[in-house]
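Below is one structure, written out as structure tokens; the observations come after it.
For the numbers below, each heavy atom of this structure counts, side chains included, while hydrogens, waters and symmetry mates do not.
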Amino acid sequence: MDRYIRFVLKRPIFILVVFSVITVILSFGIFKLQFDTTISTFMPQNDPEYKFYTKAKEIYGDCDTFVILSVTHKNLMEYKTFNNINNLLIDIEEFMDYNPERETGRINQLNQLLSEQSLTGNGLLLAFNHDPAFQRLIARKIDKIGGGTGILSKRVKEKLTSEVAAANELKARQMIDEIISPFTMKDIIGEDDMLETIRLIDTDQNGQRIIPKTDADFQTFIQKLHRNPLFEKGIYATDAQGNITDLGIIIRFQDIADSDPIAREILQIVDSHKELDITPQGEPIIYIWVNNYMQQDLIRLVPLVMLVAIIIFFLNFKSVRGVLLPFVTLSMATVWILGLMGILGCKITTVGISIPILMIAVGSSYGIHILNQYYADYDLITIEGKAKGLQDAMAHISTTV
């Protein structure tokens, strides 16, 4: 430790420059930070309980792979509502049934339109009137990046291109295995010793769903739902009087390690269908909410704890130097920790979110120790000279630190 202290005192400018450069480099790693809120982060992989947990998932299925949407509306059994629910399903099915040729054509047309200088958001959407599903995707992405309906800037165009490309890549991965809903389910009926499968909602020759329009159509649909008791509390729910109040959409993912991207896309689709009252559920959705809360906590708590540390520094030293020096040190330490985690790919867990706060708490006490020792030995430093006096003072407190 004495050798290190001497090295620092002999080359203070060099050390400060090196530390500043390292801080700047590591600061870019903060933008690469990832969060992991899955259950596996709470338990060691070789723990018997965790092994039992994974074995149970293999036998009975993994609840992490399901997202459930509860869809309702004050006028549920109407054509307009059913058409909106059908559009919701089509938007989700886009990420299950991947068509490379169709997607390539869409992106080529989009790129051609984005090359126009005075293109507006409304103009771009109108150009895809023939392709409502892709039109809704573009509308979602424009809304996400804040593009608006006016003339699209170069920055917005670049972001839009990136967002659509990412969505296309997600479609190509085909992460959705199955969608179970009243619009996609089939039932089995038996007549004359013959079993036959029927759709709850029929399709035309192009495979498009034929949405009920008249009261008679809806009564037929309701009768089909009531025919099979397994459908109740599965793909529809009723009130105390037996009236259907909610329709369920169950989305099952493929057996994938990370369902976060597709779950976030589904949440984005759900948020875009504001004409429906949709309640998303399932562990992938809960993970996203926890993830978002963790990020908000990190953004809110770190500045708050820093402010508390600054107040403590001021109460201890009552000088600009006594506040500024430990504050800079704490800031650099926080940047180093978070930056390294981002660069090395170490994800922040639900427990690990406390790391920056603990770093500031512990680091502030170190700062107080060192600076207090400097002030306590100020007379000694004056007598012995700056280099020798600082070395003796820091050597003394280094044991404690």
So, [X] side chain and [Y] main chain: donor-acceptor pair closer than 3.5 Å or not?
X	Y	value
Asp377	Ile381	no
Asp204	Gly207	yes
Gln135	Leu125	yes
Asn206	Gln208	no
Thr81	Met77	no
Lys318	Leu315	yes
Asn111	Ile107	yes

Considering all heavy atoms, the nearest [X]-[Y] contact:
X	Y	value
Ile368	Ile312	CD1-CG2, 3.9 Å
Leu137	Phe95	CD1-CZ, 4.3 Å
Pro303	Ile299	CD-O, 2.9 Å
Asp91	His273	OD2-NE2, 2.8 Å
Asp97	Arg102	O-NH2, 3.3 Å
Arg321	Leu371	O-CD2, 4.2 Å

> Can you check side-chain contact (heavy atoms from CB on, under 4.5 Å) on Gln174 and Met96, steps first, answer last?
Replying inline: CA-CA 5 Å; Gln174 294 181 286; Met96 182 174 69; over 6 Å; no
Presence of salt bridge, [Y] and [X], under 4.0 angstrom:
X	Y	result
Asp187	Lys224	no
Arg264	Asp260	yes
Arg155	Glu158	no
Glu265	Arg173	no

> Passes side chain to side chain donor-acceptor pair (under 3.5 Å), Asn291 versus Gln295? Steps please.
Replying inline: CA-CA 6 Å; Asn291 190 319; Gln295 293 185 40; 2.7 Å; yes
>> Going by side chain to side chain contact (heavy atoms under 4.5 Å, CB included), Ile179 matches just one of Leu69, Val67, Ile92, Ile250. Which one?
In response: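 Testing Ile179 for a side chain to side chain contact (heavy atoms under 4.5 Å, CB included) against Leu69, Val67, Ile92, Ile250 leaves exactly one candidate, Ile92.
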Can you give me every donor-acceptor pair (side chain of residues 160-170, partner residue at least two apart or in another chain, under 3.5 Å) with its distance?
from	atom 1	to	atom 2	distance (Å)
Thr161	OG1	Lys157	O	2.8
Glu163	OE1	Lys144	NZ	3.3
Glu163	OE2	Lys144	NZ	3.4

>> Could you go through Ser331 and Thr334, starting from their C-alpha distance and side-chain angles, then the distance that decides it, and tell me whether this counts as side chain to side chain donor-acceptor pair (under 3.5 Å)?
In response: CA-CA 5 Å; Ser331 301; Thr334 305; over 6 Å; no
[atom1] ([X]) with more than 12 external heavy atoms under 6.0 Å:
X	atom1	result
Gln117	CD	no
His226	NE2	yes
Lys10	NZ	no

>> Below 30° counts as parallel, above 60° as perpendicular, anything between as tilted: where do the rings of Tyr378 and Tyr374 land?
In response: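 Rings of Tyr378 and Tyr374: perpendicular, over 60°.
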> Would you call the rings of Phe82 and Phe218 parallel, tilted or perpendicular, where under 30° means parallel and over 60° means perpendicular?
Replying inline: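 The arrangement is perpendicular - the two ring planes meet at more than 60°.
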> How about Phe317 and Tyr375: are their ring centres within less than 6.0 Å of each other?
Replying inline: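 Aromatic pair counts; centres sit under 6.0 Å.
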>> Pair Ser272, Asp143 - check side-chain contact (heavy atoms from CB on, under 4.5 Å), show working.
In response: CA-CA 9 Å; Ser272 69; Asp143 185 62; over 6 Å; no
Are [X] and [Y] packed together at the side-chain level, in the sense that at least one heavy-atom pair is separated by less than 4.5 angstrom?
X	Y	value
Asn292	Met294	no
Ile249	Val71	yes
Asp47	Lys51	no
Val156	Ile142	no
Leu126	Phe128	no

> Do the numbers put Lys171 on top of the ring of Tyr98, so that NZ or CZ is under 6.0 Å from the six-membered ring centre and no more than 45° off the axis?
Replying inline: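 No cation-pi geometry.
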> Could you go step by step and tell me if Arg136 and Glu94 meet the salt bridge (charged side-chain N to carboxylate O under 4.0 Å, His left out) rule?
Replying inline: CA-CA 11 Å; Arg136 290 192 294 270; Glu94 288 265 306; over 6 Å; no
Interatomic distance, [X] atom [atom1] to [Y] atom [atom2] [nearest 0.5 angstrom]:
X	Y	atom1	atom2	answer
Glu78	Asp215	CD	CG	9.0 Å
Leu88	Asn84	CG	CG	9.0 Å
Ile210	Asn86	CD1	CG	11.0 Å
Leu338	Leu33	CG	CG	5.5 Å
Ile278	Leu267	CD1	CG	10.5 Å
Leu330	Phe327	CG	CZ	8.0 Å

>> Let's go through Glu93 and Arg209 carefully: what are the C-alpha distance in whole Å and the side-chain angles of both, what is the deciding distance for salt bridge (charged side-chain N to carboxylate O under 4.0 Å, His left out) to 0.1 Å, and is it a yes or a no?
In response: CA-CA 13 Å; Glu93 287 169 339; Arg209 285 182 283 267; 3.1 Å; yes
> Does the pair Leu200 and Phe231 meet the rule for a side-chain contact (heavy atoms from CB on, under 4.5 Å), with working shown?
Replying inline: CA-CA 11 Å; Leu200 299 184; Phe231 290 159; 3.9 Å; yes
> Between Lys141 and Gln268, does a side-chain contact (heavy atoms from CB on, under 4.5 Å) hold up when you go through it step by step?
Replying inline: CA-CA 9 Å; Lys141 301 307 178 183; Gln268 196 178 110; 2.9 Å; yes
>> For Asp217, give me all partners under salt bridge (charged side-chain N to carboxylate O under 4.0 Å, His left out), at least two apart in sequence or on another chain.
In response: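 Asp217: no salt bridge (charged side-chain N to carboxylate O under 4.0 Å, His left out) contacts found.
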>> Is it true that Ser70 and Asp246 share a donor-acceptor pair across their side chains at a distance under 3.5 Å?
In response: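 Side-chain D/A pair, Asp246 to Ser70: present.
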